[in-house]
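Since the structure comes first, as structure tokens, the remarks are kept for the end.
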Amino acid sequence: MTKFDKDSRIGFIGAGMVGKSLAVILSRNGYTVSSISSRSFNSAKSFSSLIPASKAYQDPNHVADNCDVVFITATDDSICDIAANTQWKYGQGVIHCSGVASTDVLSGAAKKGAITAAIHPLQTFSSVEDAVETLPGSTFAIEATGQMLDFLESMTVNLRGVPVYLKPNDKPLYHASVVMMGGLLTGLAGAVADMWNEFGIDQGTALKSLIPMIEGNAATLKSIGIPNAIAGPYVRGDIGTIRKHLVALSAQAPHILTVYCQMALASLPYALKKGNVSESVALDMQRLLEDFLEK
Ligand SMILES: NC(=O)c1ccc[n+]([C@@H]2O[C@H](COP(=O)([O-])OP(=O)(O)OC[C@H]3O[C@@H](n4cnc5c(N)ncnc54)[C@H](OP(=O)(O)O)[C@@H]3O)[C@@H](O)[C@H]2O)c1
């Protein structure tokens with residue numbers, strides 16, 4: 001039976017931010033990243049220049065041939081074709097890093113006898129050096145069984161990450177949650193900062209004022225969790241304040257009104273759980289929000 005461990009020769013197909021970051025951190029933690037290919041040979045060569053003793057190949061079949069484990073770190077849409085069109089060896093490990101796709105997209109590799117799995121590093125990858133800093137302590141969502149599960153679990157622990165385990169059907173919902181906390185929250189920060197234009201302050205300046213609050217929220221969330229970290233008018237039951245928000249949003253930022261109401265409705269159960277407001281005040285707040293949603 002194939003054994004996957006720290007001595008396994010690792011290859012990458014796809015020279016993007018995730019592939020490069022994962023390869024650098026694996027290599028710095030004693031794993032052997034030996035072979036790399038990508039759509040463009042130049043990308044593969046520049047990836048290879050980051051990893052001592054690795055080699056770039058034009059043909060992904062050479063990566064498959066030289067390695068015990070291959071990470072497909074290309075775009076989500078290309079994983080299926082790469083898996084189907086590469087000459088895998090029987091018993092070799094083939095892993096993708098998409099958070100939304102299950103291992104089904106690797107069926108082309110599984111049909112050739114490869115052992116397939118997926119691991120999604122739950123982090124944003126803006127640059128290789130940033131990712132190498134932030135990956136330790138991050139969660140890695142694993143969909144795997146048997147030997148591959150053991151390998152990915154120990155790899156996660158060796159990278160000082162935290163493993164969580166997903167079934168194939170969990171992936172779309174899991175990824176929706178990740179995108180909500182990631183790109184959508186960042187996009188929301190942009191939309192909220194733009195509301196400051198209404199009183200003459202540009203987005204950049206507004207963000208400088210709002211980011212310390214975002215950081216404070218994250219720190220409090222980390223230290224005291226939900227519901228204690230929630231503060232503001234919803235935990236105080238300040239209906240007058242909430243009404244003023246809704247009136248102002250309706251007049252000055254109507255495109256944000258629905259978002260505000262839906263966010264408040266989603267938060268209400270946790271504000272109520274904090275224990276500062278009665279159920280009847282919570283119900284009044286809910287009705288007020290629903291009224292403005294229907295307007
Ligand atoms: N970005 C994130 O925050 C993040 C987080 C966790 C997981 N992921 C997952 O990680 C994977 C890679 O994402 P990424 O952000 O690193 O993508 P990326 O930076 O856009 O890079 C994708 C790379 O794939 C290569 N590629 C595209 N089609 C290919 C093909 N047919 N054959 C070989 N290589 C091909 C491209 O290569 P060339 O340069 O050679 O054209 C490009 O360098 C995805 O599955 C993604 O869902 C991403």
Side-chain angles (χ1 to χ4, degrees), residues 10-26 33 35-51 54-65 67 69-88 94-106 108-109 116-144 152 155-156 159 161-164 166 168 170-187:
I10 296 176
F12 280 83
I13 299 175
M17 209 47 89
V18 169
K20 287 189 280 196
S21 307
L22 202 52
V24 166
I25 195 168
L26 282 170
V33 177
S35 308
I36 291 148
S37 80
S38 196
R39 186 171 45 194
S40 109
F41 189 45
N42 278 341
S43 297
K45 283 193 289 190
S46 102
F47 182 159
S48 172
S49 71
L50 302 172
I51 313 290
S54 70
K55 193 163 177 210
Y57 293 92
Q58 237 155 358
D59 184 349
N61 289 313
H62 290 315
V63 175
D65 201 35
C67 294
V69 175
V70 177
F71 287 87
I72 302 179
T73 46
T75 53
D76 285 354
D77 288 346
S78 62
I79 297 171
C80 192
D81 284 349
I82 295 170
N85 297 329
T86 304
Q87 293 309 311
W88 305 107
V94 178
I95 302 162
H96 75 67
C97 292
S98 164
V100 75
S102 73
T103 49
D104 292 354
V105 292
L106 299 175
T116 59
I119 186 162
H120 178 253
L122 179 41
Q123 209 21 284
T124 43
F125 288 79
S126 46
S127 74
V128 172
E129 281 315 316
D130 279 355
V132 167
E133 288 287 312
T134 56
L135 272 175
S138 298
T139 286
F140 289 70
I142 298 171
E143 181 202 343
L152 290 175
M155 182 190 103
T156 300
L159 301 187
V162 181
V164 296
L166 298 177
D170 299 331
K171 305 288 276 286
L173 190 62
Y174 158 78
H175 197 247
S177 76
V178 171
V179 170
M180 285 177 81
M181 272 300 144
L184 295 186
L185 204 55
T186 309

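Indexing begins at 1, ligand by ligand and atom by atom, following the structure's order.
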Heavy-atom check, side chain of T134 versus side chain of F125, under 4.5 Å: no
Under 3.5 Å: N/O of M17 near N/O of ligand 1: yes
Derivation of the side-chain contact (heavy atoms from CB on, under 4.5 Å) call for I119 and T156: CA-CA 9 Å; I119 186 162; T156 300; 3.6 Å; yes
Heavy-atom nearest option to atom 44 (C) of ligand 1, drawn from V63, V100, D76, T86: D76
Polar proximity ligand 1 side, H120 side, N/O cut 3.5 Å exclusive: no
Residue and atom name of the nearest protein heavy atom (relative to atom 11 (C) of ligand 1), distance in Å to one decimal: A74 O, 3.5 Å
Protein contact to atom 39 (O) of ligand 1 [nearest heavy atom, distance to 0.1 Å]: S43 OG, 2.7 Å
Report, one line per pair, each donor and acceptor closer than 3.5 Å where one atom sits in a side chain of residues 75-82; sequence neighbours left out.
residue	atom	partner	partner atom	Å
T75	OG1	S78	OG	3.0
D76	OD1	S98	OG	3.4
S78	OG	T75	N	3.4
S78	OG	T75	O	2.9

Those residues that, when tested against D130, pass salt bridge (charged side-chain N to carboxylate O under 4.0 Å, His left out) (two or more places apart): none
Residue and atom name of the nearest protein heavy atom (relative to atom 9 (C) of ligand 1), distance in Å to one decimal: C97 O, 3.3 Å
Ring geometry between H120 and Y174 (parallel below 30°, tilted from 30 to 60°, perpendicular above 60°): perpendicular
Minimum-distance protein heavy atom relative to atom 20 (O) of ligand 1: T75 CG2, 4.4 Å
Min heavy-atom dist K20 to ligand 1 below 4.0 Å: no
Heavy-atom nearest neighbour in the protein, as seen from atom 21 (O) of ligand 1, with distance rounded to 0.1 Å: G16 CA, 3.1 Å
Heavy-atom nearest option to atom 2 (C) of ligand 1, drawn from F41, F71, F47, F125: F125
Test item: protein heavy atom less than 4.0 Å from atom 31 (N) of ligand 1: yes
Flag side-chain contact, heavy atom, 4.5 Å: I25 against P136: yes
Contact partition for S98 relative to ligand 1, non-hydrogen atoms under 4.0 Å: both
Top protein contact for atom 25 (C) of ligand 1, by heavy-atom distance: S38 OG, 3.8 Å
Nearest-contact summary for atom 48 (C) of ligand 1 - protein heavy atom, Å: V18 CG2, 3.3 Å
Plane angle bin for Y57 and H62 - parallel if under 30°, tilted between 30 and 60°, otherwise perpendicular: tilted
Shortest protein heavy-atom distance from atom 33 (C) of ligand 1, along with the residue and atom involved: R39 N, 3.3 Å
I13-ligand 1 polar pair, N/O distance under 3.5 Å: no
